[in-house]
Amino acid sequence: MTRADVERAAAASPTRMPVPSAPAPDRVPDAASSGAGRGGRVRSSPLARRLAEQFGVNLQGLSGTGPEGAVTEADVRREAAAGSRVEPPVPTPEPPVAAAPAGAGTGARRGRKEAAGGKAESLRQAVGALMSRSKKEIPHYYLATTLDLEAAMAWMASANGGRPVASRLVPSALLLKATALAAKEVPEMNGFFTDGSFHPGTAVHLGVAVALRHGGLVAPALHDADALTLDELMEQLRDLVDRARAGRLQRAEMADPTITVTNLGDLGVESVYGVIYPPQVAMVGFGRVMEQPWAHHGMLGVRHAATATLSADHRVSNGLRGGRFLSRIDELLQTPEEL
């Protein structure tokens with residue numbers, strides 16, 4: 001075959017048609033206009049992301065009110081308060097096996113313990129990070145006073161006299177109710193510091209610190225604690241502690257405490273100074289109730305007493321208002337029948 005044969009064959013072949021170019025894709029919306037960042041991430045602050053993980057809120061479906069549609073801390077708390085109950089994940093059933101090898105039960109138990117330990121460690125890390133931020137950003141000040149509980153303990157003993165054991169009051173119920181009433185009267189202790197300013201709470205949702213069985217700490221809220229009777233408060237407190245330790249708390253109970261109380265008296269601790277749980281502005285601590293020497297009207301005797309402490313935000317209140325708050329708790333406990 002010669003070069004002339006090749007040229008003749010090429011001249012005789014049909015002309016190749018040009019391949020049409022693919023149409024240009026539609027314009028992708030700007031990340032800023034949709035509230036999402038690179039890779040589909042929703043624009044949000046670090047605190048908003050931490051709270052979303054803690055409360056189980058999906059940021060992808062949340063409309064942000066921050067700059068360029070960013071999700072803020074307030075957006076997450078609003079969604080958490082409006083959300084449903086936080087349910088523990090349901091394990092996927094596994095196919096049955098013919099027979100378990102020796103030691104399989106021990107391995108399964110060990111696995112469950114390790115899983116529980118992992119969750120507890122994650123919770124401790126989350127709480128630790130939040131408390132670190134609190135100490136860095138919130139100018140704490142601390143006050144303490146000794147509460148005279150003689151009248152409260154005498155009244156409680158009388159009130160419990162005709163009650164079954166399951167419905168008897170405990171000192172914590174009186175302390176919590178007095179704290180809620182005092183927070184209502186001294187509003188600088190009850191509310192949130194967000195967006196550079198203080199927002200007083202419209203109600204007193206009393207957060208109660210609860211230690212979990214596998215480690216970690218949560219502080220769900222007793223809603224409208226100032227309006228509850230002592231019996232109602234006692235019943236709700238028992239229910240709250242039981243559900244907290246069973247992992248059956250509601251999102252709103254975790255998202256909206258306006259002031260938190262920690263009580264380590266049952267562990268023999270005489271006083272505790274808490275770290276404020278942001279964006280709250282105050283933390284109240286109670287130690288154990290014990291008999292102490294007490295001078296009254298020039299006479300020395302022995303009375304029931306407990307130490308109450310206050311950790312408060314200096315951006316919102318000062319020692320004068322903090323002292324008034326603690327004094328009001330003591331005053332309310334002198335007439336326990338009116339709580």
Side-chain angles (χ1 to χ4, degrees), residues 28-87 89 118-141 188-203 205 207 209 216-221 223 249-260 274-283 311-317:
V28 178
D30 195 326
S33 65
S34 63
R38 294 180 180 179
R41 287 188 61 186
V42 175
R43 288 182 180 271
S44 57
S45 67
L47 176 58
R49 290 194 292 274
R50 285 197 298 270
L51 289 176
E53 181 178 358
Q54 180 180 351
F55 298 144
V57 174
N58 183 7
L59 292 179
Q60 294 291 341
L62 200 57
S63 298
T65 59
E68 299 182 339
V71 176
T72 66
E73 170 192 351
D75 297 328
V76 176
R77 289 186 177 278
R78 185 167 51 251
E79 177 68 15
S84 58
R85 192 176 71 179
V86 179
E87 297 282 359
K119 292 179 181 178
E121 180 61 26
S122 297
L123 182 58
R124 275 192 293 269
Q125 290 178 358
V127 171
L130 190 61
M131 295 300 98
S132 296
R133 185 175 69 86
S134 173
K135 292 292 287 184
K136 290 177 182 177
E137 298 180 2
I138 300 177
H140 288 60
Y141 70 91
E188 296 95 327
M189 304 297 147
N190 186 63
F192 305 105
F193 190 91
T194 56
D195 301 324
S197 61
F198 174 60
H199 306 277
T202 56
H205 300 323
L217 186 74
V218 293
H223 290 124
L249 290 171
Q250 296 178 354
R251 287 180 182 171
E253 292 170 327
M254 294 294 295
D256 62 358
T258 54
I259 181 173
T260 296
V275 180
I276 299 171
Y277 193 103
Q280 297 170 36
V281 296
M283 164 79 81
S311 307
D313 189 338
H314 229 317
R315 297 172 298 182
V316 178
S317 64

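Numbers here are sequence positions counted from 1. The structure displayed is predicted, hence computed values, not measured ones. Worth knowing before you read on, the calculation uses all heavy atoms, side chains too, and leaves out hydrogens, waters and symmetry mates.
Here the CE atom belonging to M283 is positioned 9.5 Å from the OH atom belonging to Y277, to the nearest 0.5 angstrom. Interatomic distance, CE of M189 versus CD of Q280, reported as 13.0 Å (0.5 Å rounding). In this structure, the separation between NZ on K136 and CZ on R133 is 10.5 Å, given to the nearest 0.5 Å. Atoms CD1 and CE, on I138 and M131 in that order, are 8.0 Å from each other to the nearest 0.5 Å. I276 CD1 to E137 CD: the interatomic distance, rounded to the nearest 0.5 Å, is 12.0 Å.
Scanning all heavy atoms of the two residues, the minimum distance from A219 to T260 falls at CB-CG2, 4.1 Å. Nearest heavy-atom pair across A221 and P257 is CB-CG, 3.7 Å. Nearest heavy atoms, F198 versus F193: N-CD1, 3.9 Å.
A donor-acceptor pair is defined here as one N or O able to donate and one able to accept, closer than 3.5 Å; such a pair exists between the side chain of N190 and the backbone of A203. Not a single donor-acceptor pair under 3.5 Å links the side chain of E79 to the backbone N or O of L62. Judged purely by atom type and a 3.5 angstrom limit, R49 uses its side chain to pair as donor or acceptor with the backbone of S44.
Remark: of the listed residues P278, S134, P279, P139, P139 is the sole one forming a side chain to side chain contact (heavy atoms under 4.5 Å, CB included) with D313.
Using the six-membered ring where Trp is involved, H205 and H223 have ring planes that are perpendicular, over 60° apart on the 30 and 60° scheme.
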I'd like to know whether V275 forms a side-chain contact (heavy atoms from CB on, under 4.5 Å) with H140, so could you lay out the CA-CA distance, the side-chain angles of the two residues, the decisive distance to 0.1 Å, and finally the verdict. CA-CA 8 Å; V275 180; H140 288 60; 3.9 Å; yes
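D75 is linked by a salt bridge (Lys or Arg N to Asp or Glu O under 4.0 Å) to R78, counting only residues two or more places apart in sequence or in another chain.
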